[in-house]
2 protein chains.
Amino acid sequence: MPAATPPEVDDVDRAIVAALVADGRTSFTDLGRQVGLPTSTVHQRVRRLEQRGVLKGYTAVVDHEALGLPLSAIVSVTPFDPAAPDDVPERLARVAEVESCWSVAGEESYVLLVRTATPGRLEEVLAEIRTTGSVATRTTVILSTPFEGRPPSRS
Amino acid sequence: MPAATPPEVDDVDRAIVAALVADGRTSFTDLGRQVGLPTSTVHQRVRRLEQRGVLKGYTAVVDHEALGLPLSAIVSVTPFDPAAPDDVPERLARVAEVESCWSVAGEESYVLLVRTATPGRLEEVLAEIRTTGSVATRTTVILSTPFEGRPPSRS
DNA sequence: GATGAAAGCCATATTGG
DNA sequence: CCAATATGGCTTTCATC
């Protein structure tokens with residue numbers, strides 16, 4: 001028998017989550033209409049999903065170009081000293097331009113997503129990453145973004 | 001002289017955007033308090049930011065593990081036939097598990113972010129990607145996510 | 001866990017400075 | 001860009017099943 005019984009995420013919950021991923025500002029009233037439940041019930045379910053951590057938060061989707069950060073890059077990272085205590089993510093978190101940090105299996109230890117205003121700034125950020133993280137970097141520049149952050153689906 | 005004068009995104013706009021990235025459900029009343037402007041003004045600015053496309057939308061941030069998609073991977077993609085018309089993104093968009101698709105400079109043509117329920121499903125998705133995209137793949141499994149989707153900043 | 005009702009708060013439009 | 005207003009809709013709580 002399993003150690004714990006995690007509360008289930010049923011189809012209604014998944015419908016609610018999908019609707020909120022599609023539009024994070026959907027009202028509870030609308031949500032109720034979409035999933036066929038009264039507002040109060042939906043409200044209660046969303047609260048539960050938030051408390052369980054299934055819904056971690058809500059955010060605006062921004063156009064990085066319009067915001068003055070037209071240059072994005074994927075940066076693979078390898079620590080200089082594989083034996084050293086690995087607080088690389090904590091240190092890289094101090095570099096504001098690092099939007100995401102994934103710990104990965106394979107040749108490299110981490111993959112980062114970085115957004116900068118100019119190539120010159122990217123150069124500086126890469127230098128920061130190398131020094132504050134004590135890592136080597138391999139950088140792949142993003143030319144365009146056909147799509148990004150689509151809703152999760154288990155098809 | 002420049003061909004056009006794109007409307008400026010000033011510091012107040014950036015503060016508004018930052019607040020909405022931090023919490024996409026912030027009310028206009030709260031936004032006003034945070035940036036020190038009346039509700040009506042903030043409302044007007046958010047509308048303008050949405051119309052200009054600076055704010056592209058709002059979305060819920062979900063816990064993929066809790067949603068039953070615990071396995072994420074970064075997939076680098078190389079078309080078999082570099083001369084063929086490049087509608088690879090359109091074709092890859094049909095695979096629901098592909099969350100993001102970036103067109104990149106370098107050895108490979110695209111980098112994908114993929115979320116699946118199980119290793120077996122990842123195997124199937126990779127097969128789908130190769131066949132529907134007519135591409136070769138190189139896959140890096142994500143072990144954990146120290147952080148992801150942090151607010152944009154031009155430091 | 002689901003529901004319906006009731007209360008207060010908020011979004012939104014409008015007018016005018 | 002700000003202030004003021006008005007109304008309809010929404011969030012939130014609570015008692016109930």
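Here the structure is a predicted model, which is why all the values come from computation and not from measurement. So you know, we letter chains A, B, ... as the sequences are listed, proteins then strands, and number each from 1.
The ring-ring contact (aromatic ring centres under 6.0 Å, His included) check on A:His43 picks up A:Phe28, with sequence neighbours excluded. Remark: B:Pro38 pairs with B:Ser40, B:Thr41 by the side-chain contact (heavy atoms from CB on, under 4.5 Å) rule, at least two apart or across chains. A:Thr59 is linked by a side-chain contact (heavy atoms from CB on, under 4.5 Å) to B:Val21, B:Thr59, B:Val61, counting only residues two or more places apart in sequence or in another chain. Taking B:Arg138 as the reference, A:Arg138, B:Ser76, B:Glu108, B:Thr140 meet the side-chain contact (heavy atoms from CB on, under 4.5 Å) condition, with sequence neighbours excluded. Every residue was checked against the ring-ring contact (aromatic ring centres under 6.0 Å, His included) condition with A:Tyr58, not counting sequence neighbours, and none meets it. In this view, B:Ala127 and B:Arg130 satisfy the side-chain contact (heavy atoms from CB on, under 4.5 Å) rule, not counting sequence neighbours.
Phosphate proximity of D:dT11 to A:Thr29: present, with a side-chain N or O under 4.0 Å from OP1 or OP2. The shortest distance between the side-chain N/O atoms of A:His43 and the OP1/OP2 oxygens of D:dT11 is not below 4.0 Å.
Nearest-nucleotide positions on DNA chain D for A:Arg33 and B:Ser40 put B:Ser40 closer to the 5' end. In terms of position along DNA chain C, the nucleotide closest to A:Gly36 lies nearer the 5' end than the nucleotide closest to the other residue of the pair B:Asp30 and A:Gly36.
Over its length, the helix from C:dG1-D:dC17 to C:dG17-D:dC1 turns its helix axis by 30°, as judged from the five terminal pairs at each end, rounded to 10°.
Note on residues 17-38 of chain A: pairs passing side-chain hydrogen bond (donor to acceptor under 3.5 Å, both in side chains), not counting sequence neighbours, are A:Asp30-A:Arg33. Pairs engaging residues 99-153 of chain B under the ring-ring contact (aromatic ring centres under 6.0 Å, His included) rule: none recorded [sequence neighbours left out]. Contacts classified as side-chain hydrogen bond (donor to acceptor under 3.5 Å, both in side chains) and involving residues 9-19 of chain B (residues at least two apart or in different chains) are given here: B:Asp10-B:Arg45, B:Asp11-B:Arg14, B:Asp13-B:Arg45.
Which of D:dT11, D:dA3, C:dA5 sits closest to the side chain of B:Pro38 comes down to D:dA3. Taking the side chain of B:Thr41 as heavy atoms from C-beta on, and the options D:dA4, C:dT3, D:dC1, the nearest nucleotide is D:dC1.
Listed by residue number, the members of residues 44-51 of chain A with any heavy atom below 4.0 angstrom from DNA chain C are A:Gln44, A:Arg45, A:Arg48. Sorted by residue number, the members of residues 18-28 of chain B with any non-hydrogen atom under 4.0 Å from DNA chain C read B:Ser27, B:Phe28.
Electrostatic pairing of A:Glu8 and A:Arg52 does not count as a salt bridge here, judged by no charged N lying under 4.0 Å from a carboxylate O.
Atom CG of A:Leu31 is separated from atom P of D:dG9 by 18 Å (rounded to the nearest Å).
With A:Glu97 as reference, A:Thr116 is the one residue of A:Leu71, A:Ile129, A:Thr116, A:Leu113 to meet the side chain to side chain contact (heavy atoms under 4.5 Å, CB included) rule.
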